[in-house]
Each structure stands twice: as C-alpha cells, then as structure tokens.
Amino acid sequence: MPSQKIETGHQDVIHDVAMDYYGKRLATASSDATIKIISVPASGSAQSHPTQPPLATLTGHSGPVWQVAWSDPRLGPPCLASCGYDGKVTVWRENPNEWVQVHVFTDHKSSVNSIAWAPPELGLCLACGSSDGNISVHTASPDGSGWDTARIDQAHPVGVTSVSWAPSSAPGSLVGVGGGAAAAVRKLASGGCDNTVKVWRLENGAWKLDCFPPLQMHKEWVRDVAWAPNLGLPKSTIASASQDGTVVVWTSGVKEGDQWEGRVITDFKTPVWRVSWSLTGNILAVADGNNNVTLWKEAVDGEWQQVTTVEP
C-alpha cells in the first residue's frame, strides 16, 4: 500500500499517533497542547483530500501531550486517553458531535510520559508511567460508578518512560480458552531513566516486582518497552528501546521462576525512540533518531534480521 501524507493542523511537534480499533481514525498528540482526531483517507484517495480538516481538536492539557491511546470498543463506547507534561491523564469519550472529558487523573506530581490500556479481558484499565518515578493503574468500576486506583510507588525512582501490558492469556495457552477473566494474566512491563526494564504482576490486589534482578543490558535511558502478543507461543517476549542506540528482545519461558534472557538485535548508532509489535507478534517495528522506521524478524537460528525499511 502506498504511503499517504495526512495534514494534521498541529502547530508544533507531533509526539504520538494512534489508530483506532477499526483503522478509520487517527489520534495525534502534540507539543501545541492539543489532540487531533483525523479521518484516515481510503487507499488512493489522499491526493483528492490533501488538506482535509481534523474531525475534532481536543484541548485540556496545559503543555505538550506525549501519548494517546484508544480503548477497545468491546468494552463500551470507545474512549481516548491522553497524558502530558502537565502531569494529567485525561480520558475522553465521544458524544454525538463532540468529545468530552469524562475523567481527569491528577495522581502524578510531574510529567506523565506513557499510558497503555490493558487487554480487554481485564476490563477498562489504564496504566500510566510518570517522571515522578511512579506508575498508577486506574480501573473503571463494572457499574460505571467510578475508578479504582492502584500504585507502584518508585517503580523507577528517577523516572518512568514507558509502560506496556502483557497479553491476557498465559504463554503457551490458546487465546480465549479456559478460565475467563479470573485466569487472565495481569502483568506490566516498564522502562525507566535508570536504564532498566522491570516486570510487575498483580498479586492479592497489590503490584509486585516479577523479575529479580531488574532487566539491565542498556547503558542509557530505556525510551520504550513493548510486550509482544504470544498467540500460543510457549514464551513471553518484551522489546526495549534505549537512548544508547540498542534494541533488546527479552524472552522468558512458561515455568514459574524462568529467567528473562536478553538479545541485542543491533546497534542503531543513534537513540531509539519507539518499538511496536505486529498483531501476530513476529514482526518488530523500530523507530530511531535518524528518522528511520525498520521492520525486524527473528530467524530460525534466533538471530534478528531486518526485513524491510518503511519508506516515508
């Protein structure tokens, strides 16, 4: 499919772009303190609508907006979450002809750098990582009466840069089989300014560290973490991207106590900003400081190979 250029109307740097569940709309986050909702042109129609105005402009943050994330529509009317430099996390919901703020979380004392909705099997649940070193997890009550908040205090004391949820099905299990929500996996990965990746699990209502010691192969800040879909594979996989120019793929077996093992896929010689897995969990997209987006796949021998470059 040929690339399409979409005019957003932002007046400053765009930090994040998220496509909705159906691939029909984009949400963009910018240093101009706004969020734009933009219709995705049908393939081949971009030239006929090069300056199509945004569907909506959301205002409410008082500084740069770092990330946006769509909730799963299977949990009710889709919500859009946003986080920013102002320390706020905002949940927006679309009403007829307008977007409204339905919740604003102000638990954090400094910039909130990363947000992620949990797998839908866990309900409407949002994890947030902040420069204050803490992670907050907000879960909507089933009756819609409010939100419950859990905290991981000083998860990365010098700052949390990224959070990512584990798949809700255990490694090696078939998706959607057995146990329901009660058996769902409740784990998080986080990256921080302490150069480490940490794995957390919810146990008896409290979040506990699930890897000892923390995962450390990076020499500078971890900029992003992404937990891969497992789709029945007998292992867990996390990718981490760092200011040091490397991407590490971490894997762990299915047995309790199995250790995480890391492999550097390559040295990009420039900071690596984001990593993202394909829906099947076998292709890793990497965005680096040289404005390149590359796709990587694990070979039979366990080495990672670049399969293509995404052309702008």
Could you list the residues that satisfy side chain to side chain contact (heavy atoms under 4.5 Å, CB included) with Asp301, not counting sequence neighbours? Ala299, Glu303
First locate atom CG of Asp210, then atom CG of Leu188, and finally report the distance between them rounded to the nearest 0.5 Å. 11.0 Å
Heavy-atom donor-acceptor pair, Ser164 side chain to Trp227 backbone, under 3.5 Å: yes
Where do Val91 and Gln101 land on the side chain to side chain contact (heavy atoms under 4.5 Å, CB included) test, with the steps shown first? CA-CA 6 Å; Val91 178; Gln101 296 183 18; over 6 Å; no
Verify the cluster assignment for Leu126 and Val137: are they in a single hydrophobic cluster under the rule of side-chain heavy atoms below 4.5 Å apart? no
Distance-only, no hydrogens or angles: does the Glu261 side chain make a donor-acceptor pair with backbone N or O of Gln259 under 3.5 Å? no
Donor-acceptor contact below 3.5 Å, side chain Ser242 vs main chain Glu220: yes
Is the closest basic N to carboxylate O distance between Lys269 and Asp288 below 4.0 Å? no
Heavy-atom closest contact (Ser169 atom, Val185 atom, distance): C-CG2, 3.8 Å
hydrophobic_cluster_shared for Ile135 and Val112, side chain cutoff 4.5 Å: no
List the atom of Pro167, the atom of Pro229, and the distance in Å for their closest heavy-atom pair. CG-CA, 3.9 Å
Pick one: which of Thr28, Asp32, Thr34 meets side-chain hydrogen bond (donor to acceptor under 3.5 Å, both in side chains) with Ser30? Asp32
Taking only residues two or more places apart in sequence or in another chain, which ones pass salt bridge (charged side-chain N to carboxylate O under 4.0 Å, His left out) with Glu98? none
With the 4.5 Å side-chain cut-off for hydrophobic clustering, are Val89 and Leu124 part of the same group? yes
Taking everything shown except Asp143 itself, do over 12 heavy atoms lie less than 6.0 Å from its CG? yes
At their closest point, which heavy atom of Val225 faces which heavy atom of Ser162, and how far apart are they? N-OG, 3.3 Å
Determine yes or no for a side-chain-to-main-chain donor-acceptor pair under 3.5 angstrom, with Asp86 supplying the side chain and Ser62 the backbone. yes
Could you check Cys193 against Thr161 for side chain to side chain contact (heavy atoms under 4.5 Å, CB included), going step by step and ending with a plain yes or no? CA-CA 7 Å; Cys193 302; Thr161 58; 3.8 Å; yes
Just by modelled atom types, is the Ala184 backbone N or O under 3.5 Å from a matching donor or acceptor in the Ser168 side chain? no
Candidate pair Thr294 and Asn292, rule side-chain hydrogen bond (donor to acceptor under 3.5 Å, both in side chains), full reasoning: CA-CA 6 Å; Thr294 51; Asn292 294 319; over 6 Å; no
Closest non-hydrogen atom pair, Pro41 against Ile6: CD-CD1, 3.7 Å
Spatial distance of atom CH2 (Trp92) from atom CD1 (Ile35) [nearest 0.5 Å]: 5.0 Å
Can you tell me how far apart CG (Leu202) and OG1 (Thr139) are? Round to the nearest 0.5 Å. 8.5 Å
Given His138 and Asp107, is the side chain to side chain contact (heavy atoms under 4.5 Å, CB included) satisfied, shown in steps? CA-CA 10 Å; His138 307 281; Asp107 299 66; 3.4 Å; yes
Let me see the working for Asn134 and Gln154 under side-chain hydrogen bond (donor to acceptor under 3.5 Å, both in side chains), right down to the final yes or no. CA-CA 5 Å; Asn134 303 327; Gln154 296 302 285; 3.1 Å; yes
Strictly distance-based, threshold 3.5 Å: is any side-chain N or O of Ser141 a donor or acceptor partner for the main-chain N or O of Gly146? yes
Measure the shortest side-chain to side-chain distance between Asp194 and Gln216 over non-hydrogen atoms and say whether it is less than 4.5 angstrom. no
Check the pair Ser131 / Asn113 against side-chain hydrogen bond (donor to acceptor under 3.5 Å, both in side chains), numbers first and verdict last. CA-CA 7 Å; Ser131 291; Asn113 304 314; 3.0 Å; yes
Identify the two heavy atoms, one from Ala33 and one from Val65, that lie closest to each other, and give their separation to 0.1 Å. C-CG2, 3.8 Å
Are Cys128 and His108 packed together at the side-chain level, in the sense that at least one heavy-atom pair is separated by less than 4.5 angstrom? yes
Check whether Trp117 reaches the backbone of Ala69 with its side chain - one donor and one acceptor, N or O, closer than 3.5 Å. yes
Is any side-chain heavy atom of Leu284 closer than 4.5 Å to one of Val286? yes
A side-chain contact here means heavy atoms from C-beta on lying under 4.5 Å apart; do Trp147 and His103 qualify? yes
Ring centroids only, cut at 6.0 angstrom: are His15 and Trp66 within range, meaning strictly under it? yes
Less than 4.5 Å apart, side chain to side chain, heavy atoms only: is that true for Ser130 and Ser110? yes
Ignoring hydrogens and angles, tell me if any N or O in the side chain of Asn95 forms a donor-acceptor pair with the backbone of Trp99 under 3.5 Å. no
I'd like to know if Arg25 pairs up with Glu94 as an ion pair, taking the criterion as any Lys NZ or Arg NE/NH1/NH2 lying under 4.0 Å from an Asp or Glu carboxylate oxygen. yes
Working note: Ser190 + Trp200, criterion side-chain hydrogen bond (donor to acceptor under 3.5 Å, both in side chains); need CA distance, chi angles, decisive distance, verdict. CA-CA 8 Å; Ser190 63; Trp200 310 88; 2.9 Å; yes
Quick one: does Phe268's side chain get under 4.5 Å of Val247's, heavy atoms only? yes
What distance do Lys187 atom NZ and Cys211 atom SG have between them, rounded to the nearest 0.5 Å? 9.5 Å
Looking at His10, is its backbone amide N or carbonyl O close enough to the side chain of Thr8 to form a donor-acceptor pair, meaning the two atoms are under 3.5 Å apart? yes
If you group Ile, Leu, Val, Met, Phe, Trp and Tyr by side-chain heavy-atom gaps below 4.5 Å, do Val310 and Trp296 land in one group? no
Contact between Trp260 and Val199 at the side-chain level, heavy atoms closer than 4.5 Å - yes or no? yes
Report the distance from atom CH2 of Trp273 to atom CG of Asp16, rounding to the nearest 0.5 Å. 13.5 Å
Approximate separation, where rounding is to 0.5 Å, of Met217 CE and Trp250 CH2: 5.5 Å
Kindly say whether Ala166 contributes a backbone atom to a donor-acceptor pair with the side chain of Arg186 at under 3.5 angstrom? no
Run Asp132 and Lys109 through salt bridge (charged side-chain N to carboxylate O under 4.0 Å, His left out) and show every step you take. CA-CA 6 Å; Asp132 64 11; Lys109 305 307 179 189; over 6 Å; no
Checking Asp244 against Lys219 for the salt bridge (charged side-chain N to carboxylate O under 4.0 Å, His left out) test, could you report, in this order, the C-alpha distance in whole Å, the side-chain angles of both residues, the deciding distance, and whether it holds? CA-CA 6 Å; Asp244 66 12; Lys219 296 178 175 60; 5.8 Å; no
Step-by-step side chain to side chain contact (heavy atoms under 4.5 Å, CB included) determination, Ile38 to Leu55: CA-CA 5 Å; Ile38 301 164; Leu55 300 173; 6.0 Å; no
Can you find a heavy atom in the side chain of Arg151 that is under 4.5 Å from one in the side chain of Trp207? no
